[in-house]
Every structure is written in structure tokens, then in C-alpha cells.
Amino acid sequence: MNLEALSTYLEVQQLHAEIARVLDAGEFQRWPAFFTENARYVVQSRENHDRGWPLALIHLESRAMLQDRITGATDTIFHDPYAQRHVVGAPVLLEVTEHAVHCEAAYIVMRTQRDRLPEVLSVGRYVDRLARHEGRWLIAERMCVYDNDLIANSLIYPI
């Protein structure tokens with residue numbers, strides 16, 4: 001791996017870590033800033049993804065839609081409070097150009113609530129397309145492809 005490839009790899013890994021940290025800290029208003037203006041964010045089962053079926057739990061098509069989702073999750077929806085903990089695996093860079101990266105990384109998201117045992121909220125992989133914007137990588141498309149057939153009936157915060 002040459003120095004440029006290593007630098008890109010570390011930048012992608014740092015992006016994944018920063019997103020996880022922001023979500024785990026409950027700083028949801030900061031989350032949309034990691035995406036391009038016309039980004040796509042999709043949460044979809046592995047079965048539907050692998051078969052090319054469009055059905056998804058969440059399908060957002062712009063940074064503005066991501067911001068609306070956060071407003072709904074933090075200001076509108078009433079639910080028992082919980083925290084998340086993201087564990088993101090090392091990214092695999094599938095395709096790299098000067099201005100774009102296609103990569104995947106495994107993830108697990110745990111949900112914790114007071115007086116309850118932690119529970120697995122989602123397990124799967126991120127399938128990302130990144131775009132270079134003002135010297136840093138932003139997400140142009142994130143597919144959260146979850147492996148579990150069952151998912152919590154209240155998927156509120158971003159995966």
C-alpha cells in the first residue's frame with residue numbers, strides 16, 4: 001500500500017469513527033454534516049439489498065431529509081430514552097479514485113437503557129460511496145444493510 005492509499009484508508013476509518021462517536025454521544029444535530037447535500041441514506045435488509053429490491057425501512061435522499069429525520073427523532077417522537085454504542089469494523093476500500101471512494105465496513109449497534117440489559121439493535125454492514133468535498137471525505141450514499149431478520153419496532157436514531 002503506497003502512502004496515498006494509506007492516507008485515504010486512514011481518512012475513511014477516521015470518518016467512520018467520528019460518525020460513530022457523534023451518534024454515541026447523542027450529538028444527532030451534527031450527523032447530517034457528514035453527508036453531501038444530495039446524499040442518500042438507506043436502511044435496508046440484507047435480503048432486499050442482495051435481491052435488488054427497493055423496499056427499505058428508511059430511505060432519505062438529501063442532507064435536508066437527514067436533518068428532518070433528526071428533528072423528528074429528537075423533538076417530535078415520544079419514546080423511552082436510550083443510548084447507542086456503535087462498533088465499526090475496519091473499512092475495506094473497494095474502489096478509490098481521486099474524488100470518490102466505494103467502501104464497506106461491518107457494524108454492530110447496541111442499545112442501552114437504564115435498568116435494562118444492553119441489547120443488539122442492528123448488525124450488518126455499511127456500503128458507502130464517499131465524495132471528496134473541500135479537502136475531506138463526505139458520504140454521498142450510505143446503505144446500512146442489516147443482517148438480522150427482525151429489527152426493533154422503533155428504529156429512531158441513525159444506525
Review point. If you measure from OG on Ser45 to CG on Asn48, what distance do you get to the nearest 0.5 Å?
Key: 3.5 Å
**Study point:** Full working for salt bridge (charged side-chain N to carboxylate O under 4.0 Å, His left out) between Arg30 and Glu18
**Key:** CA-CA 10 Å; Arg30 294 184 53 208; Glu18 287 177 10; over 6 Å; no
Exercise for review: Under the side chain to side chain contact (heavy atoms under 4.5 Å, CB included) rule, what do Arg46 and Arg51 come out as? Steps first, then yes or no, please.
Suggested key: CA-CA 8 Å; Arg46 180 171 61 177; Arg51 293 181 180 190; over 6 Å; no
Check your understanding: When you look at Arg85 and Val109, which way does the side chain to side chain contact (heavy atoms under 4.5 Å, CB included) test go after all the steps?
Key -> CA-CA 6 Å; Arg85 180 65 59 197; Val109 180; over 6 Å; no
Review point. Are a donor atom and an acceptor atom from the side chains of His59 and Glu61 found within less than 3.5 Å of each other?
Key: yes
Review point. How about Thr71 and Gln67: does a side-chain donor come under 3.5 Å of a side-chain acceptor?
Key: no
Practice item. Could you tell me whether a side-chain N or O of Asn2 sits under 3.5 Å from a main-chain N or O of Glu4, the two making a donor and an acceptor? Key: yes
Revision key, fill the gap. Between Gln44 and Leu55, the two heavy atoms sitting closest are NE2-O, 3.2 Å
Check your understanding: Where does the angle between the aromatic ring planes of Phe35 and Tyr41 fall among parallel (under 30°), tilted (30 to 60°) and perpendicular (over 60°)?
Key -> perpendicular
Check your understanding: What's the spacing between Leu94 CG and Glu104 CD if we round to 0.5 Å?
Key -> 5.0 Å
**Study point:** Distance, nearest 0.5 Å, that separates CD of Gln14 from CZ of Arg136
**Key:** 10.5 Å
Check your understanding: When rounded to the nearest 0.5 angstrom, what is the spacing between CD1 in Ile159 and OH in Tyr146?
Key -> 9.5 Å
Review point. Within the side chain of Glu95, is there an N or O that forms a donor-acceptor pair under 3.5 Å with the backbone of Cys103?
Key: no
Practice item. Kindly give the heavy-atom pair with the smallest separation between Asp128 and His16, and that separation in Å. Key: OD2-NE2, 3.0 Å
Check your understanding: Under 3.5 Å, side chain of Thr74 to main-chain N/O of Ile70, donor-acceptor pair present?
Key -> yes
Review point. Nearest heavy-atom pair of Pro91 and Ala105: which atoms, and what distance?
Key: CA-CB, 4.0 Å
Practice item. Sequence neighbours left out, what passes side chain to side chain donor-acceptor pair (under 3.5 Å) with Tyr107? Give chain and number order. Key: Ser122
Point to revise | Residue Leu3 excluded, over 12 heavy atoms near CG under 6.0 Å | key: no
Exercise for review: Consider only side-chain heavy atoms of I, L, V, M, F, W and Y, link residues closer than 4.5 Å, and tell whether Leu155 and Val145 are in one cluster.
Suggested key: no
Point to revise | Qualifying residue, where the test is side-chain contact (heavy atoms from CB on, under 4.5 Å) with Arg142 and the options are Val43, Ile19, Leu130 | key: Ile19
Practice item. Determine whether Arg111 and Val120 make a side-chain contact, defined as any pair of heavy atoms from C-beta on separated by less than 4.5 Å. Key: no
Check your understanding: Given side chains that start at C-beta, do those of Arg129 and Met143 come closer than 4.5 Å, heavy atoms only?
Key -> no
Check your understanding: Would you say His86 and Leu23 make side-chain contact, with heavy atoms under 4.5 Å?
Key -> yes
**Study point:** Val96 reachable from Leu138 in the ILVMFWY side-chain graph, under 4.5 Å edges
**Key:** no
Practice item. Mark yes when over 12 heavy atoms from residues, nucleotides or ligands other than Arg40 sit less than 6.0 Å from its CZ; otherwise mark no. Key: yes
Exercise for review: Rounded to the nearest 0.5 Å, what's the gap from CG on Leu57 to SG on Cys144? Could you check?
Suggested key: 10.5 Å
Check your understanding: According to a 4.5 Å side-chain heavy-atom criterion applied to Ile, Leu, Val, Met, Phe, Trp and Tyr, with indirect links allowed, do Trp137 and Leu66 form part of one hydrophobic cluster?
Key -> yes
Review point. Are any of the side-chain heavy atoms of Val22 and Phe28 separated by less than 4.5 Å?
Key: no
**Study point:** Hydrophobic cluster membership, Tyr9 vs Ile139, 4.5 Å side-chain cutoff
**Key:** yes
Review point. Can you find a heavy atom in the side chain of Val127 that is under 4.5 Å from one in the side chain of His102?
Key: yes
Check your understanding: Are there more than 12 heavy atoms of other residues, nucleotides or ligands under 6.0 Å from atom CD of Glu27?
Key -> yes
**Study point:** OH on Tyr82 to OH on Tyr157, rounded to 0.5 Å
**Key:** 6.0 Å
Exercise for review: Consider only side-chain heavy atoms of I, L, V, M, F, W and Y, link residues closer than 4.5 Å, and tell whether Val87 and Met110 are in one cluster.
Suggested key: yes
